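Here the structure is a predicted model, which means the values were calculated and not measured. Throughout, numbering of the chain's residues begins at 1 and tracks the sequence.
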Amino acid sequence: MDDGPLWWPVQRLVDAYRHGSVSPVEVAELALERIDRVDPTLHAFVLTTPDLAHRQAVEAEAAYRNGHAGPLAGVPVSIKDAFHVEGHVTTLGSLAHADDVAAHDSGSVRRLRRAGAVIVGKTNVPEFCQSATTDNLLGPDTANPFDPDRTAGGSSGGAAAAVASGTSTVGLGSDGGGSIRIPASFCGLVGLKPTYGAIDDADGFRAFSPFISVGPLARCVADARRLLSVLSGKGVRMAGTPPRLSPRRVAWCAKPEGRPIDADVSALAAAAVKQLAACGHDVTPVELNLAGWEEIFGPLVLAEEGERRGHLLRGSHQLTWYHKRSLMAAERLDPAVLTRARSDLADYRKRVDRYFRDYDVIATPATATTAFQLGHRPEIIAGERVARLWGAFPFAVPFNVSGHPAVVLPAGFVDGLPAALQLVGRYGSDNELLSLAEQLETELDLHPFDRLSPRWETS
């Protein structure tokens with residue numbers, strides 16, 4: 001890796017703009033050139049937006065000259081293709097929307113525009129974001145920059161691959177069932193699912209509505225914090241030395257619900273938690289009662305899909321096998337099961353929230369494995385047979401159902417592939433959670449992007 005501006009953290013980049021040592025137009029051109037070079041292998045982007053990016057970069061240059069630059073002025077940002085960008089196609093990963101040009105921005109995109117971001121393109125998603133891997137009928141699967149034969153995860157897999165490959169500084173994602181945290185874990189990134197309901201994406205795509213949060217994908221906690229500040233409209237600490245934190249009570253659950261986890265992935269997460277203890281935090285091993293999330297999550301997601309997109313079963317558009325199966329399952333959904341799921345949701349949130357009477361933070365592994373081969377979800381983990389749907393990544397969704405904020409950050413590498421730790425906080429503690437993550441990031445002192453595969457670097 002070189003030390004070019006596409007790899008700089010946001011603060012260094014905007015300082016360079018402010019001092020005139022590099023220009024937003026120059027960086028936008030570098031980003032678009034890099035997409036052209038690496039994306040034929042990674043397939044992170046559905047489309048690039050060169051005219052928009054150039055116009056926004058020129059505006060950012062003028063803003064720096066005039067002293068009115070926003071917090072993301074000139075910063076290359078990628079937009080998950082579940083968000084609308086006015087005048088550009090929003091495919092939602094589906095042939096049914098392959099030609100649909102957005103008439104308006106999603107609310108999150110409007111905030112990014114106001115902050116001066118340079119939008120370089122739309123990133124790939126599974127069809128209607130209904131998978132934890134990024135594959136659809138529009139083109140090839142999104143690959144992992146650490147090994148392009150492996151998945152980047154999903155549904156924000158394109159966003160993760162874009163940020164990890166240096167084609168955007170930060171990425172806009174969304175997390176309805178681990179969709180930020182899973183690809184962040186697989187791609188060596190920081191990924192935050194904010195507290196449910198904290199960020200309003202007005203006029204945006206609707207799916208996973210009882211569970212979804214808009215959030216950032218970034219190469220460091222400070223960048224995730226800055227993007228969160230823009231998305232939420234709330235000021236947060238931007239830069240400088242990580243804060244001194246008073247000791248936190250950390251509940252460490254090494255194997256939530258007894259689910260199998262790869263031994264090396266588990267060991268890295270445990271070592272990261274030991275580092276929290278070395279920082280003075282009070283770490284207590286616990287068994288968490290998280291059972292029941294599948295019985296809530298599945299029916300509520302299916303019911304919404306059936307209501308919003310059930311008509312596609314009777315249309316002429318070809319659907320992915322997984323989305324077609326979901327819509328068919330929605331048609332068969334027992335109303336009593338749906339009623340029970342809606343009733344159980346509030347009880348589940350209260351049950352998980354009770355842990356925060358005794359603890360400030362919950363820590364778990366982020367995923368059960370590292371990134372696996374494209375098209376081949378693991379069937380056996382740590383010698384145990386696992387379900388295809390959630391076997392590789394069962395630790396994220398409970399906190400979509402509970403609504404608590406959760407962040408993942410790199411904990412180390414297994415055979416050259418990233419593995420991560422997940423930290424979960426109280427409702428509304430997003431900023432405090434990021435401070436703890438930033439402290440741990442500093443202590444671990446990993447440099448993930450020194451390990452990127454060179455196989456997608458084409459001339």
Side-chain angles (χ1 to χ4, degrees), residues 5-28 30-31 49 52-80 83 85 105-121 159 162-163 167-174 180 189-192 194-195 198-202 213-243 405 407 430-435 437-438 441:
L6 293 179
W7 295 99
W8 294 350
V10 173
Q11 188 63 52
R12 180 179 176 186
L13 189 59
V14 299
D15 284 347
Y17 291 155
R18 193 169 288 114
H19 298 144
S21 57
V22 68
S23 81
V25 171
E26 173 189 358
V27 173
L30 288 173
T49 53
L52 174 61
H54 180 75
R55 184 170 70 250
Q56 290 175 326
V58 170
E59 292 170 354
E61 277 197 355
Y64 280 105
R65 286 196 303 270
N66 299 331
H68 300 300
L72 291 175
V75 176
V77 177
S78 61
I79 306 296
K80 181 178 179 177
F83 297 90
V85 177
D105 288 338
S106 295
S108 299
V109 173
R110 287 197 291 272
R111 295 186 187 100
L112 293 173
R113 283 190 194 264
R114 288 197 297 267
V118 171
I119 297 171
V120 294
V163 176
T167 53
S168 66
T169 303
V170 290
L172 176 65
S174 57
I180 287 173
L189 299 174
V190 175
L192 173 70
T195 300
I199 299 171
D200 177 28
D201 186 47
S213 295
V214 177
L217 287 134
R219 292 191 289 265
C220 63
V221 176
D223 286 359
R225 187 190 298 275
R226 186 181 288 251
L227 188 51
L228 173 66
S229 176
V230 169
L231 294 172
S232 66
K234 298 178 181 177
V236 296
R237 187 184 56 80
M238 289 299 186
T241 304
V407 62
D430 307 47
N431 197 31
E432 178 182 315
L433 195 63
L434 286 175
S435 293
E438 192 170 16
E441 176 185 65

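By the side-chain hydrogen bond (donor to acceptor under 3.5 Å, both in side chains) test, Asp223 is found to be paired with no residue, residues two or more places apart in sequence or in another chain being considered. Listed by chain and residue number, Asp3 satisfy the salt bridge (charged side-chain N to carboxylate O under 4.0 Å, His left out) test with Arg12 (two or more places apart in sequence, or in another chain). Applying the side chain to side chain contact (heavy atoms under 4.5 Å, CB included) test to Ala159 and every residue at least two apart in sequence or in another chain returns Thr123, Ser156, Leu217. Partners of Ala57 under the side chain to side chain contact (heavy atoms under 4.5 Å, CB included) rule, at least two apart in sequence or in another chain, are Pro24, Val25, Ala28, Val118. Applying the side-chain hydrogen bond (donor to acceptor under 3.5 Å, both in side chains) rule to Ser213 yields no partners; only residues at least two apart in sequence or on another chain are considered. Residues meeting the side-chain hydrogen bond (donor to acceptor under 3.5 Å, both in side chains) test with Thr169, sequence neighbours left out: none. Residues meeting the side chain to side chain contact (heavy atoms under 4.5 Å, CB included) test with Glu432, sequence neighbours left out: Arg248, Ser429. Residues passing the salt bridge (charged side-chain N to carboxylate O under 4.0 Å, His left out) test with Asp201, sequence neighbours excluded: none. By the salt bridge (charged side-chain N to carboxylate O under 4.0 Å, His left out) test, Arg18 is found to be paired with Asp15, residues two or more places apart in sequence or in another chain being considered.
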Distance-only donor-acceptor pairs under 3.5 Å for side chains of residues 59-72, two or more places apart:
from	atom 1	to	atom 2	distance (Å)
Glu61	OE2	Ser23	OG	3.1
Tyr64	OH	Ala73	O	2.7
Asn66	ND2	Ala62	O	3.1
His68	NE2	Asn66	O	3.4

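Ser229 places no side-chain N or O within 3.5 Å of a backbone atom of Arg225 that could act as its donor or acceptor partner. Side-chain atoms of Thr167 come within 3.5 Å of backbone atoms of Ala162 as a donor-acceptor pair (strictly under, hydrogens ignored). Between the side chain of Asp430 and the backbone N or O of Thr195, at least one donor-acceptor pair lies under 3.5 Å.
For residues 68-79, there are no salt bridge (Lys or Arg N to Asp or Glu O under 4.0 Å) pairs, not counting sequence neighbours.
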